[in-house]
A.B. asks: 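Just passing along the structure, written as structure tokens.
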Number of protein chains: 2
Amino acid sequence: MPRPSSNGRPTVKDVAAAANVSATTVSRVLGGDYPVSASTRKRVLRAVRDLDYVINAQARALVGGSTRTVAFVVRDLVGPLFACIGQGVELQATAEGRVCLVSTHHGDPDRELELIELMREQQAEAVVLVGGGLRTESHTRRMAEIAHSLDRVGSRLVLCGRPPIGPDVPATVVEYDNEGGAFAVTDYLISLGHRRIAFVGAGEPEHTTTGARLGGYTAAHTARGVEIDRELIVSGNYDRESGYRQTTALLARGAGMTAVVGVTDMVASGVLAALRDAGLRVPEDVSVVGYDDIPLSADLNPALTTVRIPHEELGRAAVRLALHRDEHALDQHMMLGTHVVIRSSTAPPGRH
Amino acid sequence: MPRPSSNGRPTVKDVAAAANVSATTVSRVLGGDYPVSASTRKRVLRAVRDLDYVINAQARALVGGSTRTVAFVVRDLVGPLFACIGQGVELQATAEGRVCLVSTHHGDPDRELELIELMREQQAEAVVLVGGGLRTESHTRRMAEIAHSLDRVGSRLVLCGRPPIGPDVPATVVEYDNEGGAFAVTDYLISLGHRRIAFVGAGEPEHTTTGARLGGYTAAHTARGVEIDRELIVSGNYDRESGYRQTTALLARGAGMTAVVGVTDMVASGVLAALRDAGLRVPEDVSVVGYDDIPLSADLNPALTTVRIPHEELGRAAVRLALHRDEHALDQHMMLGTHVVIRSSTAPPGRH
DNA sequence: TTGTAGGCGTTATCAC
DNA sequence: GTGATAACGCCTACAA
């Protein structure tokens with residue numbers, strides 16, 4: 001086993017010495033695009049193998065300009081929707097020869113902003129924010145500032161599954177029709193004959209995802225001339241337990257709904273469990289719909305009617321647009337469609 | 001908006017100029033641990049804010065030694081088990097002040113090796129391989145070489161959910177009792193009275209996960225003196241579709257099993273769907289068990305009996321051990337326990 | 001075709 | 001307390 005110079009990590013110099021050439025020549029052989037004699041190339045490559053040399057990506061980035069790194073910031077890795085979109089981000093980034101940094105904020109908007117800063121230190125070429133976010137005045141302003149910060153250093157803020165921040169903000173936005181999907185699935189329930197439809201949401205209405213989905217729910221009622229009982233709109237977190245708790249509470253106070261819209265499939269799975277535990281049958285007694293169409297939705301009990309989002313394409317498009325944007329275009333915006341997937345958790349309301 | 005020197009990205013020099021101090025002083029203020037007069041510190045911090053300066057992590061790593069980066073390499077982000085373990089990796093890495101690089105190999109062992117190289121270029125402090133892997137002669141040898149390569153440059157190979165490579169290989173291993181879990185859940189089926197238990201696996205037997213789980217399945221039969229019909233052992237991929245296909249094929253050729261062990265919960269969900277589509281009831285006609293206890297297992301139809309793995313702790317321990325290892329300890333090994341979670345998909349066999 | 005010099009942004013070292 | 005200088009590992013001039 002050859003002993004390189006100092007630290008243990010061989011450098012171009014070590015390779016150069018071993019191959020009896022200059023560091024420049026080594027760099028050229030490795031770079032590929034420069035004329036080097038066959039014999040020299042051979043000697044260099046041989047030395048590279050002998051020393052088990054790999055290039056130092058940090059040093060290369062320092063001089064070469066780009067780190068070839070894409071960062072994605074997400075609520076958590078376990079949420080199936082985030083994972084699906086993240087998958088798209090990773091696939092496209094890899095396809096474009098980039099490596100991926102990940103970090104999670106667990107729903108804390110301030111932490112999200114911190115993470116963007118961290119990714120700016122890492123010189124990420126693009127910072128992809130996956131999933132919905134807060135949309136308060138102050139948070140929006142800080143987000144806009146950050147977009148400008150990134151832009152100034154040649155990086156790019158990408159919103160993936162979240163609406164644009166504002167007209168003059170340099171950012172790439174790839175979203176899906178959140179409100180449209182919620183409208184469609186609520187409208188479907190109304191068309192089945194439901195009139196008392198609960199909405200089990202998550203977080204404050206300032207959160208873009210809950211906000212837009214609640215908006216679609218409301219709009220569908222309005223469009224059909226069905227009045228909404230505000231008592232039927234409840235809110236918790238984006239997890240299964242929350243769906244369970246909210247539903248149990250609704251039942252406890254005799255809300256009398258014949259259908260439930262879960263803000264996500266994960267929440268809807270909690271809703272299903274709560275109804276089952278209360279001795280109610282789905283869909284005979286209560287219909288349930290979710291949102292996201294995560295991998296196991298079709299295997300739930302019963303198979304969940306939900307709204308399909310083009311997860312992977314969302315992530316792919318985010319990276320593709322961000323890396324190939326026209327340098328002069330300030331903002332980019334892309335909207336992908338959603339559609340209702342009808343399964344077994346919905347039916348016309350029974351008598352009660 | 002202040003205009004920094006050249007590129008657009010302000011540097012310590014820009015900050016130094018703006019604050020009327022030297023670059024060294026700026027570095028000291030930012031570093032924190034060095035005496036600097038209050039007034040100077042204030043001027044520097046002010047300049048930092050004005051210029052919207054953030055440190056260049058690449059440059060710092062170049063001189064400072066460490067990138068403070070942990071890499072994790074995983075089959076894919078969508079697989080719930082990988083996501084859960086990855087979550088643990090990310091949480092612990094963040095807790096230790098590291099950033100996370102992620103990449104996916106989609107089950108291709110050669111790609112996995114390439115990715116480790118890539119992470120070595122990135123100077124990752126540790127490279128965590130999440131999930132099972134191939135264990136052929138040649139692959140094992142190459143993996144051992146890579147472990148040495150990483151070790152030589154002060155990095156660390158971490159196997160998370162995979163057995164050790166060999167005694168003299170510098171690596172950190174955090175695994176769970178794969179075989180024990182499979183033994184326990186198979187033994188449970190046998191104790192219920194099942195004698196014809198199918199095993200729906202994935203990949204070649206050289207894959208550590210399938211191998212160990214099949215081993216536990218076999219051992220349980222042996223221990224109980226139950227003979228195995230090799231016809232009942234089939235194999236495909238680690239996804240739902242594969243579980244569906246294999247089960248349908250088993251039924252088509254009249255395998256006559258009264259229970260099925262799915263190699264993962266994802267596969268088991270496909271098994272459930274296939275049985276349902278064939279008009280069989282679970283658990284009355286056929287019992288089904290999975291492995292992993294992924295988030296929605298309890299919500300499947302029916303709720304899945306499975307083997308619980310300490311997902312998050314697996315990931316956390318991997319990072320913790322790798323970062324705090326004794327410099328002199330060659331290999332580290334930790335084994336976490338598993339346990340059977342009994343739900344509604346299992347029952348004594350009916351008559352047939 | 002090959003080599004030399006300089007600099008990327010940061011910190012450690014040594015001087016003041 | 002503060003500043004100049006020399007590295008870190010690589011690449012892009014420019015020169016031979």
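Below, chains carry the letters A, B, ... as their sequence lines are ordered, and counting in each starts from 1.
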A.B. asks: Does Arg142(A), at its CZ atom, have more than 12 non-hydrogen atoms belonging to other residues, nucleotides or ligands within less than 6.0 Å?
C.D. replies: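 Not buried by this count: 12 neighbours or fewer within 6.0 Å.
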A.B. asks: With respect to the phosphate group of dT2(D), does any side-chain polar atom (N or O) of Ser37(B) fall under 4.0 Å of OP1 or OP2?
C.D. replies: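 Checking dT2(D) against Ser37(B), a side-chain N or O does come within under 4.0 Å of OP1 or OP2.
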A.B. asks: Please list all pairs passing the side-chain hydrogen bond (donor to acceptor under 3.5 Å, both in side chains) test where one or both residues lie in residues 127-138 of chain B, with sequence neighbours left out.
C.D. replies: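 Those involving residues 127-138 of chain B do not exist here.
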A.B. asks: Check the distance between dG9(C)'s C1' and Arg9(B)'s CZ and give it to me in whole angstrom.
C.D. replies: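 These atoms are roughly 11 Å apart.
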A.B. asks: Would you indicate whether the side-chain heavy atoms of Met143(A) and Val169(A) approach each other to under 4.5 Å?
C.D. replies: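 A side-chain contact under 4.5 Å is absent here.
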A.B. asks: Thr25(A) near the nucleic acid: base, sugar-phosphate alone, or nothing, with a heavy-atom cut-off under 4.0 Å?
C.D. replies: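 It contacts sugar-phosphate atoms only.
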A.B. asks: Separation of Asn56(A) atom CG from dG9(C) atom P, in whole Å?
C.D. replies: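 From Asn56(A) CG to dG9(C) P: 16 Å.
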A.B. asks: Within residues 116-123 of chain A, which residues have any heavy atom lying less than 4.0 Å from an atom of DNA chain C?
C.D. replies: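 Within residues 116-123 of chain A, no residue comes under 4.0 Å of DNA chain C.
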A.B. asks: Heavy atoms, side chains only, cut-off 4.5 Å: are Gln123(B) and Ser155(B) in contact?
C.D. replies: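 Of all side-chain heavy-atom pairs linking Ser155(B) with Gln123(B), none is under 4.5 Å.
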A.B. asks: Between Thr40(B) and dT2(D), is there a side-chain N or O to OP1/OP2 distance below 4.0 Å?
C.D. replies: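 Checking Thr40(B) against dT2(D): at least one side-chain N or O falls below 4.0 Å of OP1 or OP2.
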A.B. asks: Any idea which of dT1(C), dT2(C), dC8(C) is nearest the Lys13(B) side chain?
C.D. replies: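 Nearest listed nucleotide: dC8(C).
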A.B. asks: Sequence neighbours excluded, which residues qualify as ring-ring contact (aromatic ring centres under 6.0 Å, His included) partners of His311(A)?
C.D. replies: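 Result, ring-ring contact (aromatic ring centres under 6.0 Å, His included) vs His311(A): none returned.
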A.B. asks: For dG3(D), does either OP1 or OP2 sit under 4.0 Å from a side-chain N or O belonging to Ser22(B)?
C.D. replies: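 For Ser22(B), the contact criterion (side-chain N or O under 4.0 Å from OP1 or OP2 of dG3(D)) is met.
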A.B. asks: For residues 53-62 of chain A, please give each side-chain donor-acceptor pair under 3.5 Å, one per line with the distance, not counting sequence neighbours.
C.D. replies:
unit_1, atom_1, unit_2, atom_2, d
Asn56(A), OD1, Gln58(A), N, 2.9
Asn56(A), OD1, Ala59(A), N, 3.1
Gln58(A), NE2, Gln122(B), O, 3.0

A.B. asks: Arg156(A) and side chain to side chain contact (heavy atoms under 4.5 Å, CB included): which partner among Asp151(A), Leu150(A), Val127(A), Val70(A)?
C.D. replies: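 When side chain to side chain contact (heavy atoms under 4.5 Å, CB included) is applied between Arg156(A) and each of Asp151(A), Leu150(A), Val127(A), Val70(A), only Asp151(A) qualifies.
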A.B. asks: Verify the distance criterion only: is there a donor paired with an acceptor across the side chains of Glu175(A) and His333(A) at less than 3.5 Å?
C.D. replies: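 Judged by distance alone, the side chains do pair up.
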A.B. asks: Quick one: bend of the helix from dT1(C)-dA16(D) to dC16(C)-dG1(D) from 5 pairs per end, to 10°?
C.D. replies: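 The angle separating the two end axes equals 40°.
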A.B. asks: I'd like to know if the side chain of Thr69(A) and the backbone of Val99(A) have a donor-acceptor N/O pair within less than 3.5 Å.
C.D. replies: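 Judged by distance alone, no pair lies under 3.5 Å.
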A.B. asks: Please report, rounded to the nearest Å, how far the P atom of dG9(C) is from the CG atom of Asp14(B).
C.D. replies: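 Nearest whole value for this atom pair: 8 Å.
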A.B. asks: For Leu62(B) and dG7(C), give me the distance from atom CG to atom C1', rounded to whole Å.
C.D. replies: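 The distance from CG of Leu62(B) to C1' of dG7(C) comes to 12 Å, rounded to the nearest Å.
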A.B. asks: What N/O pairs connect the protein and nucleotides 11-14 of chain D at under 3.5 Å? Give each pair on its own line.
C.D. replies:
unit_1, atom_1, unit_2, atom_2, d
dC11(D), OP1, Arg60(A), NH1, 3.4
dC11(D), OP2, Ser27(A), OG, 2.7

A.B. asks: Let me know the distance between CZ of Arg43(B) and C1' of dT2(D), rounded to the nearest Å.
C.D. replies: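 Roughly 11 Å, once rounded to whole Å.
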A.B. asks: Could you go step by step and tell me if Arg111(B) and Glu114(B) meet the salt bridge (charged side-chain N to carboxylate O under 4.0 Å, His left out) rule?
C.D. replies: CA-CA 5 Å; Arg111(B) 177 73 183 142; Glu114(B) 281 174 33; 3.0 Å; yes
A.B. asks: Ignoring hydrogens and geometry, is there a side-chain-to-backbone donor-acceptor pair from Ser66(B) to Arg68(B) under 3.5 Å?
C.D. replies: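 Side chain of Ser66(B) to backbone of Arg68(B), a donor-acceptor pair under 3.5 Å: yes, one is there.
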